[in-house]
Amino acid sequence: MEQTRYPKYIFDWMGGLILFAGYIIGSMAVGFFGIAGKFIFRLDFMQKPWFLMISNAVVFCLMIAAFDFAVVRPKTGKKLNFNFSPTNFYTYLLIFPMMLGMMFIGEFITSQIPTTGPFFGDFYEFFENLMSGLTNDPAVMIIMAVIMAPIFEEIIFRGIIQKGLINNGVVPWKAILLASVLFGLIHGNPWQFVGATLLGCVLGLVYYKTKSLLLPMLLHGFNNLCSAILIFYTQKESFAEAFEMQEWMLLLTGIVLFSVFFYLFVFQNKVRYSEAE
């Protein structure tokens, strides 16, 4: 089918540098306004949850814009555009249980990473203090985690990086894995790295099979919403504690859920496209 709306761009090391340049410029702009706020208004904006929310939006937007104007438009003659079309309802019934299963698996693996000791202990304490600052304002946390992060992160990691790698000739499973590892790395700590990488593989698979960014965005938001609910309910991102079950039982449940619905989604489900990519 002839592509008329969506540009066929590629992602390579130069594209990575451009995304990184957008990140640096965005971070510098945010830092400038934060410092200016201290001197002009005598307010420490950087400690405000709403400022962090706006800062993330600015940085992500500049990264996407940098890739659009420096890579996509000059090389394709089209602006950056993505397919956000829905698909058949049966597909949704398969991908959410599959995602939940991987969430259970990811929690079990993450729980095996130490949180004490000379290195992990200090790092974990720093990470916990950082997260506690976000949970002080539930509204901001929900907006950032459930709405903003799924939209911006899926555009960058699935829409730009994964799709661009596949367009560049990279084998799809390698593109999905690489984008997922990068997705895990940007979380900046070993506990979220594991879960983000595993879940990123599911998000990448769903995007590759459905050709629509809408579905990985919904799954991403579902994962983050569950995490937010668990944080407010148990003070930790733990299904095992919330359900009062052993970690090995959580792992077994996750393996069964993921395996069954992965098979149904990949091998038995025929995705109906309402709009071709």
Side-chain angles (χ1 to χ4, degrees), residues 1-26 57-88 91-92 94-95 98-99 148-186 196-197 199-221 265-267 269-277:
M1 183 175 292
E2 183 180 357
Q3 297 181 358
T4 58
R5 294 184 56 191
Y6 306 108
K8 191 170 183 179
Y9 50 85
I10 66 170
F11 183 83
D12 53 16
W13 65 270
M14 181 60 70
L17 287 178
I18 290 170
L19 280 181
F20 184 68
Y23 171 80
I24 295 298
I25 294 172
V58 169
V59 172
F60 280 127
C61 285
L62 285 176
M63 291 175 68
I64 296 169
F67 190 83
D68 182 23
F69 284 97
V71 175
V72 179
R73 299 191 188 207
K75 294 185 178 180
T76 69
K78 301 177 183 179
K79 65 180 181 179
L80 192 62
N81 193 15
F82 301 101
N83 180 9
F84 297 102
S85 301
T87 184
N88 44 306
T91 299
Y92 295 89
L94 300 180
I95 62 175
M98 180 175 67
M99 184 70 167
M148 289 175 53
I151 293 174
F152 289 125
E153 291 177 4
E154 291 311 302
I155 286 176
I156 291 175
F157 290 97
R158 254 57 65 179
I160 291 178
I161 297 178
Q162 178 181 310
K163 181 181 176 182
L165 286 171
I166 293 175
N167 288 343
N168 201 21
V170 177
V171 178
W173 73 264
K174 291 183 179 180
I176 292 171
L177 181 60
L178 179 56
S180 300
V181 170
L182 293 174
F183 177 57
L185 288 173
I186 60 109
T197 300
L199 297 176
C201 290
V202 175
L203 298 171
L205 171 66
V206 170
Y207 180 47
Y208 175 70
K209 186 169 173 63
T210 65
K211 312 303 181 188
S212 171
L213 267 182
L214 173 65
L215 279 75
M217 284 179 177
L218 292 176
L219 288 176
H220 195 154
F265 174 66
V266 174
F267 299 106
N269 182 48
K270 183 173 179 58
V271 178
R272 293 197 294 271
Y273 303 101
S274 59
E275 184 177 350
E277 184 181 43

Tyr92 atom OH: more than 12 heavy-atom contacts under 6.0 Å = yes
Heavy atoms, side chains only, cut-off 4.5 Å: are Tyr23 and Val59 in contact?
-> yes
Starting at CD1 of Ile166, measure out to NZ of Lys174 and round the result to the nearest 0.5 Å.
-> 13.0 Å
Is there a side-chain contact between Ile186 and Leu182 (heavy atoms, below 4.5 Å)?
-> no
Would you say Asn83's side chain and Lys211's backbone share a donor-acceptor pair under 3.5 angstrom?
-> yes
Which word best sums up how the rings of Phe84 and Phe82 line up, parallel for under 30°, tilted for 30 to 60°, or perpendicular for over 60°?
-> perpendicular
Could you go through the side-chain contact (heavy atoms from CB on, under 4.5 Å) check for Asn269 and Asn88 one step at a time?
-> CA-CA 10 Å; Asn269 182 48; Asn88 44 306; 3.8 Å; yes
Would you indicate whether the side-chain heavy atoms of Phe11 and Asn167 approach each other to under 4.5 Å?
-> no
Give a yes or no answer on whether the side chain of Asp68 reaches the backbone of Leu80 with a donor-acceptor pair at less than 3.5 Å.
-> yes
Closest non-hydrogen atom pair, Phe152 against Cys61 | CE2-SG, 3.6 Å
Evaluate the side-chain proximity of Ile95 to Leu218: yes if any heavy-atom separation is below 4.5 Å, no if none is.
-> no
Passes side-chain contact (heavy atoms from CB on, under 4.5 Å), Val71 versus Ile160? Steps please.
-> CA-CA 11 Å; Val71 175; Ile160 291 178; over 6 Å; no
Could you go through the side-chain contact (heavy atoms from CB on, under 4.5 Å) check for Met98 and Val206 one step at a time?
-> CA-CA 10 Å; Met98 180 175 67; Val206 170; 3.9 Å; yes
Heavy-atom pair with the smallest gap, counting every atom of Pro7 and Thr76 | CB-OG1, 3.5 Å
Sub-3.5 Å donor-acceptor pair from the side chain of Gln162 to the main-chain atoms of Ala179, do we have one?
-> no
Taking all non-hydrogen atoms of both residues into account, name the closest pair between Gly22 and Met63 and its distance.
-> C-CG, 3.8 Å
Ring centroid separation for His220 and Phe183, is it under 6.0 angstrom?
-> yes
In terms of heavy-atom contacts, Ile10 and Phe67 come closest through O-CZ, 3.7 Å
Mind checking the CD1-CD spacing from Ile161 to Glu154? Nearest 0.5 Å is all I need.
-> 11.0 Å
Counting N and O atoms only, with roles assigned by atom type, does the side chain of Ser212 sit under 3.5 Å from a partner on the main chain of Ser85, one being a donor and the other an acceptor?
-> yes
What's the shortest heavy-atom distance between Phe60 and Ile156, and which atoms?
-> CD2-CD1, 3.4 Å
Can you name the nearest heavy-atom pair linking Leu165 to Ala175, along with the distance?
-> CB-CB, 3.8 Å
From the list Tyr208, Phe157, Tyr9, side-chain contact (heavy atoms from CB on, under 4.5 Å) with Lys163 holds only for Tyr9
About how many Å separate CG of Leu205 and OG1 of Thr210, when rounded to the nearest 0.5 Å?
-> 9.0 Å
side-chain contact (heavy atoms from CB on, under 4.5 Å) assessment of Phe265 paired with Thr91 | CA-CA 7 Å; Phe265 174 66; Thr91 299; 3.8 Å; yes
To the nearest 0.5 Å, how far apart are OH in Tyr207 and CG in Leu214?
-> 11.5 Å
